[in-house]
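Read through the structure below, which is laid out as structure tokens, and then see the notes.
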Amino acid sequence: MNKKKINIFKGDKVVWMVFFFLCMISLVEVFSASSNLTYKSQNYMKPILFHAGTVFAGLVVAVLTLNIPCKYFKVLTLPMIFVSVVTLLWVLIGGDTINGANRVISLGFFTFQPSEIAKGTIVLCTAQILSAMQREDGADPMAFKYILFVSVPMVFLIMLENLSTAALLAMVVILMMFIGRVPMRQMGKLMAVLGGILVVGLTFIMLAGGDPAQEEKLSATNRIEQTQKDKSKIDKLFHRATTWKGRISKFMVSKDTPVDSVDLDKDMQEVHASIAIVSSNIIGKGPGNSVERDYLPQAFSDFIYAIIIEEMGIVGAAFVVFLYIILLYRAARIASQCENNFPAMLVMGLVLLLVVQAVFNMLVAVGLVPVTGQPLPLISKGGTSTIVNGAYIGAILSVSRWAKKKKDKGVKPATVAA
């Protein structure tokens with residue numbers, strides 16, 4: 001009597017392999033980089049056990065998502081728009097403050113970042129609009145207006161507390177419109193408008209922002225009190241201007257700074273990230289042997305790539321980059337094999353979310369762009385982001401499993417076109 005093997009790891013095997021390797025790297029490096037959390041909790045295993053539980057939750061979400069036929073994702077569009085807008089407004093008004101910004105909502109036993117949900121929502125909406133309005137010569141010009149109508153309000157709400165996330169999300173939407181063949185005339189106008197907004201925004205930040213040096217001198221408690229005062233001086237919606245100004249100013253300063261003039265307290269993140277990279281000696285110190293993890297405030301999150309380089313060397317750092325390249329390549333291949341536009345656009349949008357964010361995290365770690373506060377997807381320690389990223393991987397796997405392929409002559413009932 002033949003028994004069918006139960007296989008929950010369905011979908012594209014290469015995507016599964018990349019996901020597995022990224023999760024394994026995450027467990028090892030977060031465990032190594034969590035020395036500050038270990039010290040605060042006085043519990044050696046608590047941080048890694050929590051992270052392992054979060055990674056496992058992301059895996060479960062990925063498995064559950066891949067078992068949903070991708071055509072049903074369209075049904076989630078309106079509910080997700082409602083949830084995203086409500087939670088983004090909620091976090092602005094009554095969210096919990098992290099690093100001087102209202103970014104999370106606490107439900108007592110659980111906290112989550114509305115921006116993580118909003119990112120997936122915008123990609124889902126953009127994919128649905130582009131797929132529904134495709135013509136032989138490209139996307140209907142009205143698709144451009146519909147995409148802006150949906151994405152601009154949510155991107156603006158995200159920008160008020162998390163400028164880097166809003167910028168990365170806007171970049172992903174632009175790339176999706178380019179892939180979706182939105183008329184180049186409209187794309188040109190959009191880029192011109194964005195260029196003007198960038199100039200105006202930078203001018204506002206440099207004029208309205210306070211003195212970054214003064215902010216650095218404030219204690220955590222005083223900084224919160226000062227933030228409240230700033231809100232009454234400028235506009236409550238733009239109290240992050242001082243932080244943005246500080247990051248831009250630091251990046252614009254010449255890198256050829258004498259060693260004896262470096263302020264390790266003021267420039268802690270950038271300096272210790274650079275020390276971690278330089279001290280790797282190409283071959284790395286080995287897993288668990290990082291020194292700079294004890295000095296980097298966000299070693300387990302924003303600057304985990306620097307810790308990877310310090311411990312694993314150039315080969316380990318290149319391997320991480322290679323995994324993201326493979327993920328992008330496989331997602332593009334899955335999209336190219338889809339007969340219908342929606343699953344193809346959805347896959348490309350989701351993989352761009354992951355890869356673009358990964359690129360910026362790595363560039364920040366090596367000092368090529370200003371500090372953005374973006375974690376390394378699928379590797380950095382996180383709660384909402386780890387679980388939501390698991391859902392993104394699950395959606396990509398769902399398309400690889402359920403979407404009708406171009407080469408298919410007939411379609412079985414279980415693989416009806418999305």
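All figures in this text were calculated on a predicted structure; none of them were measured in a lab.
Within the 4.5 Å cutoff, the side chain of Val14 has no heavy atoms near those of the Tyr329 side chain. Leu354 places a side-chain heavy atom less than 4.5 Å from the side chain of Ile393. With a 4.5 Å cut-off on side-chain heavy atoms, Val356 and Leu175 count as touching. Between Cys338 and Val399 the shortest side-chain heavy-atom distance falls below 4.5 Å. Under the 4.5 Å side-chain criterion, counting only non-hydrogen atoms from C-beta, Leu22 is in contact with Tyr324. The shortest distance between side-chain heavy atoms of Leu130 and Asn341 does not fall below 4.5 Å. At a threshold of 4.5 Å between non-hydrogen side-chain atoms, the residues Ile334 and Val15 count as touching. Within the 4.5 Å cutoff, the side chain of Thr65 has no heavy atoms near those of the Tyr392 side chain.
Note: Leu328 CG to Leu323 CG = 12.5 Å, rounded to the nearest 0.5 Å. Separating the CD1 atom in Ile309 from the CZ atom in Phe303 is a distance of 11.5 Å, to the nearest 0.5 Å. To the nearest 0.5 Å, atom CG of residue Leu350 and atom CG of residue Asn389 are 10.0 Å apart. Taking OG1 of Thr87 as the start and CG of Leu92 as the end, the distance is 10.0 Å to the nearest 0.5 Å. Atoms NZ and CD1, from Lys381 and Ile304 in turn, are 10.5 Å apart once rounded to the nearest 0.5 Å. With rounding to the nearest 0.5 Å, the separation of CG in Leu148 from OG1 in Thr126 is 9.0 Å.
In this structure a side-chain-to-backbone donor-acceptor pair under 3.5 Å is missing from Ser280 to Ala276. No donor-acceptor pair under 3.5 Å is formed between the side chain of Lys10 and the backbone N or O of Val63. Under the 3.5 Å distance criterion, the side-chain polar atoms of Thr384 are matched with a main-chain donor or acceptor of Gln113. Trp402 places a side-chain N or O within 3.5 Å of a backbone atom of Leu66 that can act as its donor or acceptor partner.
Scored by the side chain to side chain contact (heavy atoms under 4.5 Å, CB included) test, Ile325 finds Val321 as partners (sequence neighbours excluded). Judged as a side chain to side chain contact (heavy atoms under 4.5 Å, CB included), and not counting sequence neighbours, the contacts of Val28 are Pro287. By the ring-ring contact (aromatic ring centres under 6.0 Å, His included) test, Phe319 is found to be paired with Phe21, residues two or more places apart in sequence or in another chain being considered. Remark: Ile68 engages Tyr72, Phe73 in a side chain to side chain contact (heavy atoms under 4.5 Å, CB included) (not counting sequence neighbours). Phe20 is linked by a ring-ring contact (aromatic ring centres under 6.0 Å, His included) to nothing, counting only residues two or more places apart in sequence or in another chain. In this structure Ser336 satisfies the side chain to side chain donor-acceptor pair (under 3.5 Å) test with no other residue, sequence neighbours excluded.
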Criterion side chain to side chain contact (heavy atoms under 4.5 Å, CB included) on Cys23 and Leu59, from CA distance to verdict: CA-CA 9 Å; Cys23 288; Leu59 173 63; over 6 Å; no

Trace of the side chain to side chain contact (heavy atoms under 4.5 Å, CB included) decision for Leu194 with Ile174: CA-CA 11 Å; Leu194 290 177; Ile174 291 172; 3.3 Å; yes

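Heavy-atom minimum distance, Pro377 versus Pro375: CD-O, 3.3 Å. Leu346 approaches Ala127 most closely through the heavy-atom pair N-CB, 3.7 Å. Listed here is the closest heavy atom pair of Met345 and Ile179: SD-CG2, 4.2 Å. Summarising the geometry of Val55 relative to Ser26, their closest heavy-atom pair is CG2-OG, 4.4 Å, with the distance given to 0.1 Å. Counting all heavy atoms, side chain and backbone alike, Ser290 lies closest to Ser32 at CB-OG, 4.4 Å. Closest of all the heavy-atom pairs between Pro114 and Val91 is CG-CB, 3.9 Å.
A salt bridge (Lys or Arg N to Asp or Glu O under 4.0 Å) check over residues 136-147, counting only residues at least two apart or in different chains, returns the pairs Arg135-Asp137, Arg135-Asp140. Counting only residues at least two apart or on different chains, the side chain to side chain donor-acceptor pair (under 3.5 Å) pairs with a member in residues 169-197 are Gln134-Arg181. Sequence neighbours left out, the pairs with a member in residues 279-290 that pass salt bridge (Lys or Arg N to Asp or Glu O under 4.0 Å) are Lys285-Glu310. Listed by first then second residue, pairs satisfying salt bridge (Lys or Arg N to Asp or Glu O under 4.0 Å) with a partner in residues 319-337 read Asp12-Arg330, not counting sequence neighbours.
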If you look only at distance, which donor and acceptor atoms sit under 3.5 Å apart when one is on a side chain in residues 117-124 and the other is two or more places apart or in another chain?
residue: Lys119; atom: NZ; partner: Glu116; partner atom: OE1; Å: 3.4
residue: Lys119; atom: NZ; partner: Gln357; partner atom: OE1; Å: 3.0
residue: Thr121; atom: OG1; partner: Ser84; partner atom: OG; Å: 2.8
residue: Thr121; atom: OG1; partner: Ile117; partner atom: O; Å: 2.9

Donor-acceptor pairs under 3.5 angstrom involving side-chain atoms of residues 359-369: please list them, not counting sequence neighbours.
residue: Asn361; atom: ND2; partner: Asp302; partner atom: O; Å: 3.0
residue: Asn361; atom: ND2; partner: Gln374; partner atom: O; Å: 2.6

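There is a side-chain donor-acceptor pair under 3.5 Å between Asn162 and Ser164. No donor-acceptor contact under 3.5 angstrom links the side chains of Ser279 and Glu292, judged on distance only.
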